[in-house]
Every structure is written in structure tokens, then in C-alpha cells.
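Shown next, in C-alpha cells, is the structure this report addresses.
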Amino acid sequence: MQENAEQTLDGLNEILRLRREKLFEMQKNGKNPFEIMKYDVTHHSGDIINNYEELEGKTVSVAGRLMSKRVMGKASFCHIQDIQGNIQAYVARDCIGEESYACFKKLDIGDIVGVKGEVFKTKTGEVSIHASEVLLLSKSLQVLPEKFHGLKDTDMRYRQRYVDLIVNQEVKETFIKRSKIISEIRRYLDNMGFIEVETPVLVPNAGGAAARPFDTHYNALDEDVHLRISLELYLKRLIVGGLERVYEIGRVFRNEGLSVRHNPEFTLLELYQAYTDYHGMMDLCENLFRDVALKVLGTTKITYEGVEMDLSKPFERLTMVDAVRKYAGVDFSEIKTEEEAKKLADQYHIEYEDRHKKGDILNLFFEKFVEEKLDQPTFIMDHPVEISPLAKRKPNDPDYTERFELFITKREMANAFSELNDPIDQRARFEAQEELKRQGDEEANTIDEDFLNALEHGMPPTGGIGIGIDRLVMLLTGAAAIRDVLLFPTMKPLD
RNA sequence: GCACCAUUAGCUCAGAUGGUAGAGCAACUGACUCUUAAUCAGUGGGCCCCGGGUUCGAGUCCCUGAUGGUGCACCA
């Protein structure tokens with residue numbers, strides 16, 4: 001077996017060949033690093049550095065990746081990297097023995113090692129471990145990127161995230177922060193009496209949002225199925241079922257383009273709360289953003305791409321009609337018909353399609369003139385009914401709905417409604433969506449009969465909200481691209 | 001899907017006007033018992049993204065294609 005392995009050396013470049021040869025040499029001498037089963041780790045790097053007073057002179061053992069090595073004859077320094085960061089070790093021949101020191105000198109950057117020794121400070125004041133033992137725990141056969149410039153090539157950073165995580169510390173911090181954000185959200189909602197649920201990913205009817213789904217086939221039932229595009233319709237069924245407060249943090253899939261803020265699979269939080277409305281959702285959303293920022297960052301003041309904001313200040317609340325009036329100078333409250341709206345769109349050189357109605361035109365004005373202005377946290381409220389097939393109408397203005405979207409740094413961060421619970425109106429809205437689909441709108445919803453059946457059993461008045469977790473993480477970590485907050489973003493295969 | 005830009009050593013990058021492919025780090029050999037982008041001396045390392053074309057000659061110019069980045073479109 002080893003002979004086979006050695007034959008594979010032929011095509012390799014010099015550096016890779018040498019590392020494999022080192023490994024085979026060790027294996028021949030009965031020191032196969034891959035036979036090491038465990039190592040007794042007593043401390044992590046950061047704990048030692050932060051608790052130096054207490055640990056000085058004590059013996060500790062750490063384990064991690066060898067990130068640097070400076071050999072000065074019979075004594076050396078190296079850095080070991082673990083989950084918390086780096087710690088220096090001082091390795092002297094006279095302390096670990098001649099044979100061990102010879103092994104140490106053969107270690108490569110990237111090897112996994114265990115170091116045991118006393119905690120001390122060097123002349124220059126760096127907290128270090130005075131090694132009494134250095135063990136190779138696993139061999140690295142690949143070469144890490146250069147220590148000073150690191151790995152910059154975005155293609156390789158995303159495809160080989162493990163390397164990115166090893167050499168770019170801020171990447172590791174981003175993903176640790178992402179994890180904290182999600183656990184703080186869970187803690188916040190759990191404390192409010194929400195229960196976390198899981199609903200189907202493979203669905204016969206991909207509804208609850210305007211998006212093209214991924215299609216696949218379930219062989220055992222010989223049925224075409226889709227990957228979900230939202231969580232909405234199943235969570236509302238649970239409100240009908242009496243669970244009162246539910247949420248799900250889950251992956252959804254939309255068969256659409258990639259961009260700096262779009263990935264075909266992304267993480268959505270949706271929650272539904274019985275006996276409240278979209279005002280309740282606005283308060284909840286605002287408080288949630290604030291609380292998470294405070295817990296994870298220790299402050300509500302953040303800067304994203306040069307935009308400073310303080311999440312502790314009340315978020316601006318503006319209806320879509322008011323926003324268009326404010327930023328485009330166009331007053332849709334005076335527009336009564338589709339014809340008037342389209343004439344206005346012509347004047348402002350806004351392109352629309354035949355099937356667009358008054359509310360669609362208002363939304364086009366919003367997208368063209370308002371979105372780009374919404375840097376500070378702003379709730380845009382009361383969307384037209386045409387673009388809100390799952391939201392309750394405003395009782396005194398049935399062309400509009402009790403809906404809001406939260407915008408921060410020009411990006412939609414959340415979308416919420418007073419949930420439509422009238423099954424007859426809901427059926428009519430679905431039918432309008434199906435008509436749009438017939439007219440060529442590939443993102444329109446289709447009728448979900450079982451969901452309608454659920455509504456017919458009676459759904460309490462309910463507020464619901466969806467929050468894009470990836471974009472929230474981008475905001476709180478300062479990440480410029482969604483790919484920087486996804487461990488393994490979607491990439492085109494190389495072959 | 002469209003436009004523009006990029007792709008050169010393991011990594012980060014140079015390579016005017018077409019004329020034998022370069023640096024730093026990493027690696028290898030040697031020296032060195034408090035270094036830290038260690039230092040000093042020496043050595044090796046390349047399908048210049050793939051494929052065509054122009055040319056006496058292409059990393060460089062032209063055309064296909066691949067992958068990535070940015071913007072647009074779609075969308076959250």
C-alpha cells in the first residue's frame with residue numbers, strides 16, 4: 001500500500017513531494033502521525049494569554065496548527081493556532097531532548113501539533129509556552145498560503161473555505177459572529193414564548209413568496225416536487241393548529257441569479273404570532289435588531305460601508321405612498337386608475353408591462369426613486385394589494401395592505417404583514433396570482449388548496465415577519481458580499 | 001442572461017513599445033539557545049487558465065471557451 005502511495009509522487013511539484021516523503025519516512029520508522037488518536041488539551045491560546053498572571057509557571061498543553069517556525073540552532077520559536085488564536089512556543093533542544101528536537105525541526109508549517117510546557121513571558125513580553133514536549137498529531141501534505149499576504153484570491157477562498165479559515169483570522173471571526181447572532185435570535189424568541197419548528201423543504205407547491213423554485217422529482221411517489229422558496233404557508237398552518245407563536249430559521253431556495261447580496265440558497269427567519277398585527281411585528285423587529293446588536297457587538301452603533309447608524313434610535317416609519325411622495329415628488333393618493341398610473345410612469349420613463357396594475361406601478365416608482373435613499377433603518381408600510389397576496393387589506397383603504405418592509409443600507413432586511421386570514425379573499429388573491437402566471441409571470445404564486453382549507457378552519461388575527469439572516473449578518477459583521485457570510489457559497493463546479 | 005475587468009512559481013504580485021520568464025514570502029542545504037514578516041550564506045522551483053489564429057518569433061496582439069470579480073437584469 002505504501003509503495004502505491006510512493007508511486008503517486010511522480011506528478012507532484014517539489015514541495016508536495018518532500019512533504020509526502022517526510023510522511024513515508026516517519027511511517028517506515030513506526031511513527032505514523034495518522035495513528036495518533038487523541039491529545040489531552042488543557043488550555044486554549046486565548047485563555048492562556050488572558051489569564052497570564054494566574055497561569056505563569058504552570059504547565060499547560062495546547063494543540064493546533066503550526067503557523068510559523070523560527071529555528072535558531074539549538075532553540076526555536078513557533079506559533080500554534082487554535083480556535084481562539086495563536087500562541088507562541090519556545091522549543092529548546094536541551095528541554096525536549098535531542099531526538100524530539102530533530103523531529104521538531106522537520107515539522108512543516110500547517111502540521112497539527114500538541115505542545116506541553118510552562119507558561120512564561122519572553123524578553124519582549126509575549127506570553128509563550130516553554131515546551132517540554134512537542135508532538136506531531138497530524139501531518140499536513142498541502143502548503144498553506146504565504147503568512148504575510150495570506151489568501152486573497154476570492155475564487156480559492158470560497159472554494160477552499162478551510163484554507164481561508166486557517167489563514168484569514170477575520171473570516172473565522174465573521175463566522176463565529178454569525179453563529180452568535182443566530183443563537184441570540186433564538187434566545188430572544190424563546191424568551192418571548194415562541195417555539196421553534198421545522199417544516200418541509202421538499203414541497204408540492206412552492207408558495208409564500210414571489211420567486212422561481214428549484215424543481216426536482218421524488219422517485220418513490222413518482223411526483224414532481226420543489227424546494228421551498230419560503231416558510232410562510234406551513235407556519236401559518238401551525239397558527240391555525242393553535243401553536244400561537246412559532247418560528248423557523250431555515251434554508252430556502254430560489255432559482256435566481258447570484259449577486260453580491262443574493263445566493264440561490266439562503267437562510268430565512270420567519271415567525272408568526274397570533275393576536276397581534278403588523279404594528280406588533282414592527283416593534284418586535286426593531287427590538288430584535290437592537291438586542292442582537294447589543295449582545296453580539298456590545299453596541300447598537302454600527303457603520304456599514306461608510307453609513308453610520310444607531311439601532312437604538314427609533315426606526316423611521318413611512319408608508320410607501322408617503323415615501324414615493326417624499327423622494328419622487330409623486331402623490332399616488334391622487335391616482336385612482338391604472339390608466340392614470342401608467343401615464344405617470346410614461347412621464348417618469350418607468351418601464352412597465354401590460355399586466356401591471358396601479359399598485360405595481362407604485363411599487364416601480366418606489367424601487368426606482370426611493371430604495372436607493374433608504375440607508376438608515378426605515379419601515380416602509382402599507383404596500384398595494386396587488387403585490388401583497390398574503391397580507392390583510394387596510395380596513396379603510398382596501399387597495400392597500402397592512403404590510404411593511406424594513407430597509408437598511410438600501411437593502412430589504414425584513415418583510416411582514418398582518419396575515420390575511422379571510423379564506424375567501426385569500427382564494428381570490430391566489431386566483432389573481434394564477435392569472436399573472438398565465439400572463440407569463442414566472443414568480444407568481446399558485447393556489448394552495450390545503451392552505452386554504454387550513455384558513456377555512458379559522459386562523460386567529462396574526463402578525464408575521466420574515467427576516468433575511470444573511471443580510472442581517474452582513475450588516476452586523478460589515479461584510480460587503482453575501483458570500484462572505486456563507487461558509488460555502490454557491491460556486492460553479494470547476495469541471 | 002448582458003457589459004467591463006482579471007487569470008504568470010505553493011501564496012502575494014511585477015513583467016512599456018511582440019525578442020531567452022522576475023521579486024518577496026514559502027521550500028531545500030548550511031550557520032545561529034529569547035525570535036516574532038527572525039537574521040546571514042547558498043540552491044531548486046513555471047502547461048504564463050484551455051484551444052485556435054497573426055507573426056521569423058506571442059505571457060504580451062486577435063478570436064473561441066473556462067473560472068472568478070464588479071455593474072446591470074431577476075430578486076430577498
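This structure is a prediction, so every number in the text was calculated from the model and none was measured. Here is how names work: the chains are called A, B, and so on, in the same order as the sequence lines, proteins then strands, and each is numbered from 1.
- Base pairing of B:G44 is not made with any nucleotide, judged by Watson-Crick or G-U wobble geometry with both donor-acceptor distances under 3.5 Å.
- Ring centers of A:Phe379 and A:Phe404: under 6.0 Å apart, within the cut-off.
- Atom P of nucleotide B:C74 and atom CG of A:Leu436 are separated by 16 Å, given to the nearest angstrom.
- Partners of A:Tyr278 according to the ring-ring contact (aromatic ring centres under 6.0 Å, His included) rule, which considers only residues two or more places apart in sequence or in another chain, do not exist here.
- Side-chain atoms of A:Ile387 and A:Arg403, non-hydrogen and from C-beta on, do get closer than 4.5 Å to each other.
- The CG atom of A:Asn415 lies 12.5 Å from the CD1 atom of A:Ile380; values are rounded to the nearest 0.5 Å.
- Remark: P of B:U35 and NE2 of A:His130 are 14 Å apart, rounded to the nearest angstrom.
- Counting any heavy atom pair closer than 4.0 Å across all strands shown, A:Val71 reaches a base atom.
- In the region residues 148-155 of chain A, proximity to RNA chain B at under 4.0 angstrom, judged on heavy atoms, holds for A:Phe148, A:His149, A:Gly150, A:Leu151, A:Lys152, A:Asp153, A:Thr154, A:Asp155.
- Base pairing analysis places B:C74 opposite nothing; no Watson-Crick or G-U wobble pair with both distances below 3.5 Å involves it.
- Within the 4.0 angstrom heavy-atom criterion, no nucleotide atom of any strand lies near A:Arg157.
- Across the strands present, B:U35 finds no partner; the criterion is a Watson-Crick or G-U wobble pair with both atom distances under 3.5 angstrom.
- Counting non-hydrogen atoms under 4.0 angstrom, A:Asp441 reaches nothing in the nucleic acid.
- The separation of B:A14 from B:U54, taken at their C1' atoms, amounts to 27 Å, rounded to a whole angstrom.
- A salt bridge links A:Glu419 to A:Lys236: at least one charged side-chain nitrogen sits closer than 4.0 Å to a carboxylate oxygen.
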Are A:Met67 and A:Asn86 close enough, and set up right, to give a side-chain contact (heavy atoms from CB on, under 4.5 Å), and what steps lead you there?
CA-CA 8 Å; A:Met67 296 304 286; A:Asn86 284 278; 3.8 Å; yes
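- Within 4.0 Å (heavy atoms only), A:Phe120 reaches at least one base atom of the nucleic acid.
- For B:A37, neither phosphate oxygen OP1 nor OP2 lies less than 4.0 angstrom from any side-chain nitrogen or oxygen of A:Arg70.
- Within the 4.0 angstrom heavy-atom criterion, only backbone atoms of the sugar-phosphate kind lie near A:Ile109; the bases stay farther away.
- Pairing for B:C49 is with B:G65, a Watson-Crick or G-U wobble pair whose two hydrogen-bonding atom distances lie under 3.5 Å.
- Annotation: B:A41 and B:C47 have their P atoms spaced 30 Å apart (nearest Å).
- A:Tyr158 comes within 4.0 angstrom of the backbone, heavy atoms only, and of no base.
- Annotated as anti: B:A31, whose glycosidic dihedral deviates from 0 by more than 90°.
- As a whole-Å value, the separation of A:Phe77 CZ from B:C32 C1' is 13 Å.
- Between the side chain of A:Gln88 and the base of B:U35 there is at least one donor-acceptor pair of N/O atoms closer than 3.5 Å.
- When the P atom is compared between B:G15 and B:G1, the two are found 33 Å apart, to the nearest whole Å.
- With rounding to whole Å, A:Arg261 atom CZ is found 12 Å from B:A76 atom P.
- Nucleic acid contact for A:Lys69: none, since no nucleic acid atom lies under 4.0 Å from a heavy atom of the residue.
- Figure legend. B:U54 is base-paired to no nucleotide; pairs are counted as Watson-Crick or G-U wobble with both atom distances under 3.5 Å.
- Among the heavy atoms of the strands, none lies under 4.0 Å from A:Gly468.
- Within the nucleic acid shown, A:Ala414 has no heavy atom closer than 4.0 Å to any nucleic acid atom.
- Between the C1' atoms of B:A76 and B:U8, the separation comes to 39 Å (whole Å).
- Atom NZ of A:Lys373 has more than 12 heavy atoms from other residues, nucleotides or ligands within 6.0 Å.
- Atom CD of A:Glu372 has more than 12 neighbouring heavy atoms from other residues, nucleotides or ligands inside a 6.0 Å radius.
- Rounded to a whole angstrom, the distance from the P atom of B:G46 to that of B:A6 is 27 Å.
- Residue contacts for A:Gln142: at a heavy-atom cut-off of 4.0 Å it reaches no nucleic acid atom on any strand shown.
- The P atoms of B:C61 and B:G18 are separated by 9 Å, rounded to the nearest whole Å.
- You'll find that the side chain of A:Ser259 is closest to B:A73, out of B:A26, B:A73, B:C11.
- Within 4.0 Å (heavy atoms only), A:Lys492 reaches sugar-phosphate atoms of the nucleic acid but no base atom.
- Between the side chain of A:Glu434 and the backbone N or O of A:Ile447, at least one donor-acceptor pair lies under 3.5 Å.
- Between B:G44, B:C74, B:C34, one nucleotide has an atom nearer to the side chain of A:Tyr90 than all others, and that is B:C34.
- Here, B:G19 and B:G30 have their C1' atoms 39 Å apart, quoted to the whole Å.
- In this model, a side-chain donor or acceptor of A:Glu146 finds a partner on the base of B:G24 within 3.5 Å.
- Rounded to an integer number of Å, the gap from CG of A:Asn168 to C1' of B:C11 is 11 Å.
- Among the protein residues, A:Met413 comes within range of no part of the nucleic acid, since none of its heavy atoms lies under 4.0 Å from any strand.
- Along RNA chain B, the nucleotide nearest to A:Leu144 and the one nearest to A:Glu443 differ in position, and the one closer to the 5' end is contacted by A:Leu144.
- For the pair A:Met156 and A:Lys106, nearest-nucleotide mapping onto RNA chain B gives the more 5' position to A:Met156.
- Between A:Arg483 atom CZ and B:U70 atom C1' the separation is 12 Å, expressed in whole Å.
- For the side-chain contact (heavy atoms from CB on, under 4.5 Å) test, residues two or more places apart in sequence or in another chain that qualify with A:Leu141 are A:Arg19, A:Arg20, A:Leu23, A:Lys139.
- When the P atom is compared between B:A37 and B:A26, the two are found 12 Å apart, to the nearest whole Å.
- Under the Watson-Crick and G-U wobble criteria, each requiring two contacts below 3.5 Å, nucleotide B:C13 is paired to B:G22.
- Base pairing analysis places B:U60 opposite nothing; no Watson-Crick or G-U wobble pair with both distances below 3.5 Å involves it.
- Side-chain atoms of A:Asp360 come within 3.5 Å of backbone N or O of A:Lys357 as a donor-acceptor pair.
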